[in-house]
Amino acid sequence: MKAIEIRNKYLNFFKNHGHTIIPSAPLIPENDPSVLFTTAGMQPLVPYLLGQKHPSGTRLTDFQKCVRTNDIDEVGDNCHLTYFEMLGNWSLGDYFREESIAMSYEFLTKELGIPKEKLSVSCFKGDDDCPRDEISYEAWKKAGIPDERIYFFGKSENWWIAGEEGPCGPDTEMFYDTGKEKCSPECNPSCNCGKYVEIWNNVFMEFYKDKNGYSKLKQKNVDTGLGLERMAMLLQGKETPYETELFSPVMEKLKNIETIDNIQSRRIVAEHLRSSIMIINDGGTPSNVDRGYILRRLIRRMTRHLNKLGIDLNSLPKLIETSIDSIKELYPELENKKENIINVIIEEKDKFIKTLKNGEKEFEKIANKMKTSGKKELDTDIVFNLYETYGFPPEVTEELAKEQELIVDMTDFQKLFKEHQDKSRLGSEQKFKGGLASTGDTEIKYHTATHLLNAALKVVLGDHVHQKGSNITAERMRFDFSHGAKMTDEEKQKVEDLVNKWISQKLDVTIQEMPKEEAIKSGAECMFIEKYPDIVTVYSIGNVSKELCGGPHVQNTGELGHFKIKKEEASSAGVRRIKAILE
Ligand code: SER
């Protein structure tokens, strides 16, 4: 069964069971600086899981585009993907365990035709926070799963939460038995030897976890997720998603044009190509920070592996087209964006090639120095510096070193590399707490400019203007705000002039700490009041702007340069988006 058929069957099945089909949220979450990408179907639904009324009712279903970035380095094996599609159905205080399990079982066995002998399930075994899930156990038995294929595990397997804090609960998971031999007598669905493949996760979300522990939510929800690529792979009797129609045309093309056979590199190219396409499709652009950096890494890694396969990089546009063609039945909007997607990827690839060339030059300098000094072993720090400063892949350094008869200790490099990775992971977690994507000089300027723009929009359009989101890269700023109509050219000009006037007045940017209530009373602007602690920092710019904000900002508006609006467009209902630059 093709992926598109699985998706259609899923949505129709749940529609017939009273669910409203809602659209996939964008991969890049609107107004949520706390995560890089949408990672699960439940993510855009959090307010509704917490009790807000959803306009489409209490039973929802959708397909959700997801990117998970923690496993990028695993891609190339037979299962990890960074981009994937999650099919999901939700009960927002409507049905609970029994009905959810009955529907899942019916869908798997009747709609997808999976023999019930192939199914095993697991339930939560209970602990101090939540009792053993007897209701799910009974529901599975009633459906027809025998005792010996119902397993009980603890929180590590059968509890689901996105991150550290949020709605959560025990889950029941469904597994497909591939028919492989058990790897040991104890082999069970929690084992990842490949015999059992997890296909669906139904979370019974009735708890909320924060730093004080668990509390009960207002309502009992169900949140389920079924990975489309994995299901397509199993139903097509394939060993990996790369053999399904979603990847196989690219995989075959690569095989035809490669001069060096390397299945891992083929998979990395096919996967990173598809993920990049989907991220660009939802507005992502490569940059040096956060989301943009993930995209940059994906494109760079893909380019490196094309090199590794000995493939001429001029074939890239065709490969992108092939990849788009293999998934455009799922995402028809890609057809219109093809040209833009190709341009973004090619441009980034070209930048990377340039970086590589610079790195090579630097390497030559180092090698020559070493030769004159008679040194034979390349310092790990040098390899690392080439990697960090020039984005120069260590395996290329290793190769060049070999050519020059120099020695590199890659184990030492790997150690340093791991430390660096852990640090940057930590760094990006920290950063997201503050909400601003980056703290480079240019980004800081843009950040201050968003405050000026917010204030200018209020003057020109009215007090109904509030910030709805912002996104900053080293190249530009994007600012979303509440306003019901397209801005006229005159309005845009006035806003631009006002911001530039404030820049030319060289206004001081000052910072104050005060209780949240006091800040609000004093009229300070703020986007997510509930996200702020009791004592907040307030940034004021002259007397034209006052906002609750974590910073950082420039000290004086004179540092900003000239502000220019590049585009004003609709973002969503009642929300407009401005893209602007400082020049
Ligand atoms: N949120 C759960 C998951 O991601 C179920 O959709 O697995």
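Numbering of ligands and ligand atoms starts at 1, following listing order. All values below come from the heavy atoms of this structure, side chains included, with hydrogens, waters and symmetry mates left out.
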Begin with the C-alpha distance, continue with both residues' side-chain angles, and end with the deciding distance and a verdict on side chain to side chain donor-acceptor pair (under 3.5 Å) for Thr240 and Glu243.
CA-CA 6 Å; Thr240 77; Glu243 295 153 60; 3.0 Å; yes
Should the ring pair Phe14 and His19 be called parallel, tilted or perpendicular, given that the plane angle runs from 0 to 90° and is split at 30 and 60?
perpendicular
Lys/Arg cation over aromatic Tyr242: Arg266, 6.0 Å, 45° cone
no
Polar pairs, ligand 1 vs protein, N/O only, below 3.5 Å.
unit_1	atom_1	unit_2	atom_2	d
ligand 1	1 (N)	Asp223	OD2	2.7
ligand 1	4 (O)	Arg68	NH2	3.3
ligand 1	6 (O)	Asp223	OD1	3.2
ligand 1	6 (O)	Thr224	O	3.2
ligand 1	6 (O)	Gly225	N	3.0
ligand 1	7 (O)	Trp160	NE1	3.4
ligand 1	7 (O)	Asn201	ND2	3.1

Would you say the ring centroid of Tyr137 lies under 6.0 angstrom from that of Phe152?
yes
Once the angle between the rings of Tyr196 and Tyr151 is folded into 0 to 90°, is it parallel (under 30°), tilted (30 to 60°) or perpendicular (over 60°)?
perpendicular
Between Asp325 and Lys328, is the side-chain contact (heavy atoms from CB on, under 4.5 Å) condition met? List the steps.
CA-CA 5 Å; Asp325 287 346; Lys328 70 176 183 211; 3.1 Å; yes
